[in-house]
2 protein chains.
Amino acid sequence: MPENPVKQAIARCREVGLRRTKALEELITTLIEADRPMTLAELASSERLSDQCDKATVYRLLQRLCEHAIIRRLGLHERAAFFTLLQPGKHSDYLICTGCGKIESIKAPCPVHKLEDEIREKTGYRGLYHELEFFGTCPKCA
Amino acid sequence: MPENPVKQAIARCREVGLRRTKALEELITTLIEADRPMTLAELASSERLSDQCDKATVYRLLQRLCEHAIIRRLGLHERAAFFTLLQPGKHSDYLICTGCGKIESIKAPCPVHKLEDEIREKTGYRGLYHELEFFGTCPKCA
DNA sequence: GTAATTGCAAATACTTTGCCACGTA
DNA sequence: TACGTGGCAAAGTATTTGCAATTAC
């Protein structure tokens, strides 16, 4: 039974020593409801957070959550950084339209695990993970 | 016979209608000599370019070259964008240390072409390409 | 000659920090 | 109570643009 993912994420936050604040709850909830990577600006101005707390607060929350590997910061080519919640057992690659900027999750089985293992062995890098993005022009923009 | 890659790249520039300026030559040469993705700031302050032209010029050159798919802008998680020369038949994935920021090219055969083909068919995206990065802590930083 | 390109300076955009007040454990 | 957290405002860093002067074709 997949328990409430918001509660799961907050539990992970508590485990690493973060305090359970209203802002934290709303941030996690927002990320889960959106089910897509979001920018600091988007989050800070979102319904749940805009009148809940300052942008600096969201910024520092994101920072803490990144440090503890509860969320991840993604490149994705925009000027602003994107953040996505890490959920155990879930991994997403992305399909991004270079025209309108639309970002889709690709849930398809990711074909790079084998290469990742090879790299881990050959290079001795620790905590290895990857990010895979496909870029192109979506049918609407074409 | 692999002809001089600088000349090749400049030839491609000419084909798409760009003028052959000193700045263009030095920019291309710098990217090829470095053989790694570079940021606007790095390029603008590089030996070949710093007293050759203004940062705005480099910026606009990079922009034009991107539009014509002669270079590519990469995310790579730093705050600044990275740029890399596209060379026909060459594709690189990257291994990046989250500690010191070192960026290595992975020349290993890239395992995502098949998935890329599937996505092209299923989604109808045009001009599809991908970017694959591995992140971790390098032995030195660990 | 004409349109693309450039330099300089100013404007944006996004991120990051300082400092003191506040709330959670 | 003590220390993590939050608000507000200011600073920092990277990017982007306007406009007149210059240069490649």
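These figures come from a predicted structure and were not determined experimentally. Letters A, B, ... are given to chains in the order of the sequence lines, protein chains preceding strands, and every chain is numbered from 1.
- A salt bridge links A:Arg120 with A:Asp117: the distance from a Lys NZ or Arg NE/NH1/NH2 to an Asp or Glu carboxylate oxygen falls below 4.0 Å.
- Figure legend: cation-pi geometry between B:Arg73 and A:Phe135 absent, as NZ or CZ is not positioned both under 6.0 Å from the six-membered ring centre and within 45° of its axis.
- Between A:Val58 and B:Arg73, it is A:Val58 whose nearest contact on DNA chain D lies nearer the 5' terminus.
- Interatomic distance, CD of B:Glu116 versus OH of B:Tyr125, reported as 13.5 Å (0.5 Å rounding).
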Can you check nucleotides 10-12 of chain D for protein contacts, nitrogen or oxygen pairs under 3.5 Å, and list what you find?
from	atom 1	to	atom 2	distance (Å)
D:dG12	N2	B:Arg79	NH2	2.9

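- Salt bridge A:Arg48/A:Glu33: present, at least one basic N to carboxylate O contact under 4.0 Å.
- Rounded to whole angstrom, the span from the NE2 atom of A:His77 across to the C1' atom of C:dA13 amounts to 19 Å.
- Between A:Glu25 atom CD and D:dG6 atom P the separation is 11 Å, expressed in whole Å.
- DNA chain D is contacted by both A:Thr57 and B:Phe83; A:Thr57 maps to the nucleotide lying nearer its 5′ end (nearest heavy atom per residue).
- For the pair B:Arg72 and B:Tyr129, the cation-pi criterion (under 6.0 Å, within 45° of the ring axis) is fulfilled.
- Spacing between atom CG of B:Leu61 and atom P of C:dA4 amounts to 15 Å, rounded to whole angstrom units.
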Does the protein touch nucleotides 17-25 of chain C at the base, only the backbone, or not at all? Give it as B, S and - per nucleotide, heavy atoms under 4.0 Å.
BBB---BBS
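- C:dT16 atom C1' lies 13 Å from atom CG of A:Leu62, rounded to whole Å.
- As a whole-Å value, the separation of A:Glu26 CD from D:dG6 P is 12 Å.
- Between B:Glu133 and B:His77, the side chains place no donor N or O within less than 3.5 Å of an acceptor N or O (distance only, hydrogens not considered).
- Contacts with DNA chain C (heavy atom under 4.0 Å) in residues 35-55 of chain B: B:Gln52, B:Cys53, B:Asp54, listed by number.
- Atoms CG and CZ, from B:Leu43 and B:Phe82 in turn, are 10.0 Å apart once rounded to the nearest 0.5 Å.
- Of the N and O atoms on the side chains of B:His68 and B:Glu15, not one donor lies less than 3.5 Å from an acceptor on the other residue.
- For A:His130 and A:His91, the side-chain atoms include at least one donor-acceptor pair closer than 3.5 Å.
- The distance from the NZ atom of B:Lys22 to the SG atom of B:Cys53 is 11.5 Å, given to the nearest 0.5 Å.
- How far CD1 of B:Ile106 is from CD of A:Glu118: 10.0 Å, rounded to the nearest 0.5 Å.
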